[in-house]
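Each remark here refers to the structure printed beneath this line.
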Protein chains: 4
Amino acid sequence: MSQDKVKTRIAILGASGYTGVELLRMLAHHPNAEIVALTADRQAGKDIGTVFPHLLIRSLPKLVQINEVDWSKVDLVFCCLPHGTTQEVIAGLPKHLRILDLSADFRLADPAVYAKWYGHAHRAVALQDEAVYGLTEVMRHAISSARLVAVPGCYPTGAQLPLIPLIKAAVIDADDIVIDAKSGVTGAGRAAKETSLFAEVSEGINAYGVANHRHMPEIEQGLSRAAGRPIAVSFTPHLMPMNRGILSTIYVRYANGATLADLRRALEEAYGDEAFVHVLPAGSMPATHHVRGSNLCLIGLAQDRLSGRAIIISALDNLVKGASGQAIQDMNVMLGLDESTGLQQEPLFP
Amino acid sequence: MSQDKVKTRIAILGASGYTGVELLRMLAHHPNAEIVALTADRQAGKDIGTVFPHLLIRSLPKLVQINEVDWSKVDLVFCCLPHGTTQEVIAGLPKHLRILDLSADFRLADPAVYAKWYGHAHRAVALQDEAVYGLTEVMRHAISSARLVAVPGCYPTGAQLPLIPLIKAAVIDADDIVIDAKSGVTGAGRAAKETSLFAEVSEGINAYGVANHRHMPEIEQGLSRAAGRPIAVSFTPHLMPMNRGILSTIYVRYANGATLADLRRALEEAYGDEAFVHVLPAGSMPATHHVRGSNLCLIGLAQDRLSGRAIIISALDNLVKGASGQAIQDMNVMLGLDESTGLQQEPLFP
Amino acid sequence: MSQDKVKTRIAILGASGYTGVELLRMLAHHPNAEIVALTADRQAGKDIGTVFPHLLIRSLPKLVQINEVDWSKVDLVFCCLPHGTTQEVIAGLPKHLRILDLSADFRLADPAVYAKWYGHAHRAVALQDEAVYGLTEVMRHAISSARLVAVPGCYPTGAQLPLIPLIKAAVIDADDIVIDAKSGVTGAGRAAKETSLFAEVSEGINAYGVANHRHMPEIEQGLSRAAGRPIAVSFTPHLMPMNRGILSTIYVRYANGATLADLRRALEEAYGDEAFVHVLPAGSMPATHHVRGSNLCLIGLAQDRLSGRAIIISALDNLVKGASGQAIQDMNVMLGLDESTGLQQEPLFP
Amino acid sequence: MSQDKVKTRIAILGASGYTGVELLRMLAHHPNAEIVALTADRQAGKDIGTVFPHLLIRSLPKLVQINEVDWSKVDLVFCCLPHGTTQEVIAGLPKHLRILDLSADFRLADPAVYAKWYGHAHRAVALQDEAVYGLTEVMRHAISSARLVAVPGCYPTGAQLPLIPLIKAAVIDADDIVIDAKSGVTGAGRAAKETSLFAEVSEGINAYGVANHRHMPEIEQGLSRAAGRPIAVSFTPHLMPMNRGILSTIYVRYANGATLADLRRALEEAYGDEAFVHVLPAGSMPATHHVRGSNLCLIGLAQDRLSGRAIIISALDNLVKGASGQAIQDMNVMLGLDESTGLQQEPLFP
């Protein structure tokens with residue numbers, strides 16, 4: 001496919017949220033993307049510039065309701081709707097559409113696990129079965145031919161990218177993994193909630209969903225696939241005062257006589273040729289500052305003070321590699337484009 | 001000039017500061033720019049990735065001292081050195097170089113004004129005379145043939161862009177202008193100063209340099225040129241807890257029977273065809289959130305409650321349109337390129 | 001009255017908001033205050049510690065509905081209810097209660113002005129007439145015998161404290177006052193609104209309610225009383241990323257041949273003996289950092305660069321001197337206590 | 001001792017830093033404290049109000065050099081000097097003084113451990129031997145008669161308070177403790193360092209001193225004392241954008257058949273009668289917001305998803321219970337006063 005000529009016609013469902021506007025930012029200069037429809041049910045009829053004033057000066061379609069979209073003029077859909085309602089919307093879409101879903105609805109492959117964590121039976125089980133998990137570096141081959149891709153969650157991306165190669169290489173004890181994650185506020189979306197208010201978030205930090213967060217089964221699903229057997233993890237997310245970014249500090253125990261050098265080798269072999277996932281040199285640890293606004297995931301590692309243990313830290317931008325950026329990366333794979341197309345935004349620092 | 005083929009060979013002097021790293025971000029995918037030298041005297045010998053870890057994964061020249069640069073391989077220089085030392089450094093550079101200076105050293109055309117505000121005689125008066133003031137939208141023609149461009153300060157850009165057309169159109173009283181500006185912290189650079197510490201800045205705001213800030217004569221110089229006579233302004237800068245952005249709230253009095261509609265018309269005529277300066281529709285006022293990371297300057301205006309008065313608000317990113325972005329825009333003008341080349345970064349929101 | 005023995009029995013209506021919890025913080029060690037009832041209609045039945053976890057370890061009454069309060073056991077009420085609903089609630093309270101109302105409902109003395117700015121006729125006009133405006137340093141005498149005190153708004157406190165003495169002394173032109181105010185987020189309360197979300201507020205600043213903010217008539221009412229004739233002002237509030245604090249930068253023109261020294265003298269005469277309002281020495285300007293958590297209002301002043309003009313800056317904590325602290329100060333006046341009782345919290349810096 | 005009459009005469013050495021100014025805040029209304037001397041070598045001769053403008057309105061001694069203090073008029077010293085220089089200063093003080101040292105110089109009892117982590121032999125070994133470790137709730141008895149108290153570090157306080165009772169009760173495996181701590185910026189002091197700049201800290205988080213932080217041996221010393229044998233821990237501190245607060249998320253493994261209930265019981269028995277250390281009810285986890293500005297340390301605990309493991313979270317304000325507040329608490333113990341005297345500041349939220 002010539003990257004210069006063909007434009008894929010794109011609709012974004014739920015364009016008035018943070019993952020929607022982030023898609024608009026990143027697709028702005030994507031040479032193969034043409035945005036033809038934006039939906040936002042409660043804001044239908046408005047210009048997107050009234051919802052996001054920084055878009056006032058761009059030329060974009062008006063916001064419409066989903067049922068107003070002329071699907072015959074759309075090739076591909078990014079779905080940025082809330083968890084739970086997404087599955088029925090997607091089930092109702094025409095079959096010629098390729099779909100990248102940024103909600104959690106199709107991430108868990110096992111209907112029983114879904115039902116347990118979300119409190120109700122899945123309402124589109126066939127689609128759940130069809131959906132491909134969109135962790136690009138790991139699932140690239142399956143994504144290329146997928147019709148429906150479940151874009152991974154932000155925490156699961158930050159946890160799985162470093163851990164999957166280590167588990168596959170059997171250099172860590174998969175039964176003794178502690179993940180302590182710190183996230184910016186946009187992970188909670190744009191919904192007006194007391195817990196997301198500036199005055200509740202700024203100047204402090206707290207853990208939430210302790211031992212009970214819905215991203216936990218998604219992490220465990222990915223690690224279990226890597227291990228070939230069920231894996232459970234300790235995962236504690238924290239909410240802190242920044243807009244973007246997830247830092248995952250991961251505490252592991254060596255297995256099978258491995259050393260830190262073996263862990264480093266496993267990660268470098270996995271990601272040495274990747275455009276977006278990078279293992280930092282010894283002595284360097286990533287900060288979320290280094291990835292803000294970019295599709296990068298940086299990984300650092302160090303020997304722990306406790307012998308037999310290592311500390312692994314990953315950093316990504318939850319709205320980019322943890323959501324909209326990875327979605328575009330998956331789209332590029334689906335369309336046979338260079339994976340980096342439209343994704344070369346540099347980190348914004350400071 | 002074909003935009004595809006020719007690469008201008010660029011050196012950045014003082015690359016370890018915030019304007020330097022911002023040039024690196026924005027030039028990363030500039031099709032006509034090739035970065036061939038980076039200097040940082042105290043950090044010479046290091047990789048730039050040790051100074052800015054998010055650059056670890058890019059391939060860039062090592063930091064060197066200024067006297068180590070092979071100038072025969074350089075076409076154009078961005079100078080990001082501190083005020084005061086810049087003038088002698090630039091005076092010593094070979095004459096084939098075209099130079100964009102981001103310091104204040106060549107912004108004030110009048111040696112007496114410079115001496116008054118900086119406390120010493122200018123040490124390169126001939127260059128001061130040669131330098132062209134790089135407020136792109138206003139000085140485009142002169143910039144195109146300049147050898148040395150003095151890139152405007154951040155506050156002066158935010159103040160002059162809305163005020164110059166209004167003064168030229170004689171729709172406001174040029175003797176009754178109050179500019180209340182609010183700036184992010186990067187305006188003070190990366191120097192380790194107590195007043196720039198997180199704990200001193202966060203959770204608060206304060207005015208500084210009240211009635212005495214060095215950007216005041218620069219603003220007055222530009223407004224005086226527009227008015228054709230000496231103009232003085234009231235200008236009060238404030239430091240507030242954000243990384244980037246300047247919001248300038250400007251209080252003016254109508255002149256010559258003008259109304260708000262006349263002010264709007266003057267601004268729209270001045271900027272209607274511009275890529276980066278935009279006048280917002282009635283009812284909208286800009287926020288710095290809307291310009292973060294972009295080269296935009298947004299302007300809004302409203303009738304004041306006091307009859308005979310208007311309020312004008314401009315927003316820009318001090319590191320982009322207020323520094324490195326405008327410098328690249330000027331470079332594009334100097335090189336005969338499309339002014340937007342390499343500058344199409346969308347605002348990062350949230 | 002002996003300060004050691006008598007405890008005033010206090011109810012706080014609307015205790016689950018920010019002004020309510022701030023009253024609880026400041027009254028915690030007030031020797032004459034006993035908190036006997038807390039109401040919060042939607043949270044009735046809960047412990048306050050479930051609404052504000054930092055109160056988990058204190059012993060406080062459960063939250064109840066307003067109609068569950070036994071008024072015979074209450075002497076004094078702080079009313080922290082939303083604007084608009086407050087007037088009917090207060091109209092229905094028993095007459096033996098003394099009331100400090102932190103809403104805007106009784107601040108505007110003129111029913112026509114109220115109706116214009118709030119869009120409906122006042123529903124308790126007799127009370128509106130009875131209410132005393134609680135700007136302590138100015139209205140102390142009337143407050144001492146008041147039954148109903150309308151505690152001033154945060155912006156109006158920051159604007160009136162510096163301006164009233166200057167207008168009374170006729171040293172400034174009351175028809176040429178520009179107030180540029182910058183506020184922290186808690187001024188918008190604890191309601192879950194998109195505009196108060198962390199991701200919408202952090203890393204930016206914007207003006208709002210330009211030429212149209214409801215605090216404007218309150219400011220004008222106070223200045224008009226001082227001037228003895230109607231005064232209008234230019235007032236532009238800005239929202240910025242901090243929890244607490246208002247900085248008001250006020251631009252004025254000298255009148256009647258006055259100089260900066262005359263302005264200073266007028267302010268020092270007005271506030272020389274005050275516990276909470278302080279005029280800073282020449283060369284010092286207040287920052288909101290200097291007042292955080294305290295009941296202070298600091299005032300600085302400087303000659304403007306424009307001849308004939310001065311710049312005056314005031315700083316206060318919007319939740320303390322701008323709300324709950326001033327309410328307690330008013331209560332102390334009403335009860336004949338030392339005005340500083342319970343209000344000696346030092347600023348929290350950093 | 002009558003709490004009303006006797007005033008202890010206090011000198012603060014190094015009063016121009018954050019722990020110094022925090023002592024001034026908390027001692028402002030301490031009924032038994034009289035501040036008679038403030039030192040700050042580089043700022044000697046200045047009023048403290050020029051260093052901390054919010055102190056402009058208080059009446060405090062001028063800053064002097066240490067050798068200018070008349071020690072005959074001083075009873076007790078708070079020493080807020082930098083690590084390394086403190087030991088010689090304290091060695092040179094008259095012996096009648098009781099001393100609370102907030103530096104790290106006397107925290108490590110073993111000279112060999114000190115030499116290893118600080119890179120030089122201790123220069124006051126006899127004092128090192130005499131010094132009592134000031135973790136108030138644990139060392140109260142020894143503190144009461146101490147002449148020299150080494151006030152614990154902020155991270156060590158947050159780690160030891162929850163862990164010591166659990167290790168003493170033998171309900172956790174002391175060889176499998178992972179401490180993931182998140183700290184505000186004031187922990188790094190007021191020194192002008194690039195890593196403490198607003199623009200480097202805001203909008204991000206990073207780990208630092210991974211497997212190598214100097215607070216690690218201090219934590220291990222305290223846990224080893226509790227266990228009666230050498231204990232090593234995994235400890236990773238993180239720097240995040242807030243002024244104050246440390247949240248320590250601690251991952252432990254049950255020992256000896258214990259359950260979460262046993263852990264809770266051990267903590268409640270240890271702290272049930274304490275004024276400042278509180279164990280939160282099941283279902284509640286502390287946030288740093290809940291302790292800001294107060295001397296509290298809040299502890300929460302939960303069963304981990306991994307069977308056999310628990311998660312314990314502690315929150316404190318690093319400048320209060322992690323430094324100046326605990327120092328005053330220790331002083332109260334030394335003087336035979338109620339431990340809470342002068343320390344009843346409520347948390348400042350929001």
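Lettering follows sequence order; numbering is per chain, from 1.
- I177(C) touches chain B through its backbone: at least one of N, CA, C or O sits under 4.5 Å from a heavy atom, while the side chain does not.
- Contact annotation for V291(C): neither backbone nor side-chain heavy atoms come within less than 4.5 Å of a heavy atom of chain B.
- Ranking A211(C), A207(C), G300(C), S234(C) against chain B, the residue ahead of the rest is S234(C), based on heavy-atom pairs under 4.5 Å.
- Of the residues listed (T249(B), N206(B), D180(B)), the one engaging K182(C) in a side-chain contact (heavy atoms from CB on, under 4.5 Å) is D180(B), and it is the only one.
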### Message
For a side chain to side chain contact (heavy atoms under 4.5 Å, CB included) check, start with the C-alpha distance between T236(B) and M285(C), then their side-chain angles and the critical distance, and finish with the verdict.
### Response
CA-CA 12 Å; T236(B) 306; M285(C) 280 293 186; over 6 Å; no

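- H238(B) touches chain C through its side chain: at least one heavy atom from C-beta onward sits under 4.5 Å away, while N, CA, C and O do not.
- The contact between R253(B) and chain C is made entirely by side chain atoms (from C-beta outward), counting heavy-atom distances below 4.5 Å.
- The contact between R244(C) and chain B is made entirely by backbone atoms, counting heavy-atom distances below 4.5 Å.
- Residues of residues 303-315 of chain C lying under 4.5 angstrom from chain B, judged on non-hydrogen atoms, are Q303(C), D304(C), R305(C), L306(C), R309(C), I311(C), I313(C) in numerical order.
- Between P350(B) and E203(C), every side-chain heavy-atom pair lies at or beyond the 4.5 Å cut-off.
- Of the listed residues (F349(B), Y208(B), Y251(B)), the greatest number of heavy-atom pairs within a distance under 4.5 Å of chain C belongs to Y251(B).
- Among L247(B), I205(B), D176(B), the residue with the largest count of heavy-atom pairs under 4.5 Å with chain C is I205(B).
- In this structure, chain B has a heavy atom under 4.5 Å from the side chain of A302(C), while its backbone stays farther away.
- In this structure, no portion of I246(B) lies under 4.5 Å from any heavy atom of chain C.
- In this structure, OG on S202(C) lies 11.0 Å from CE on M242(B), to the nearest 0.5 angstrom.
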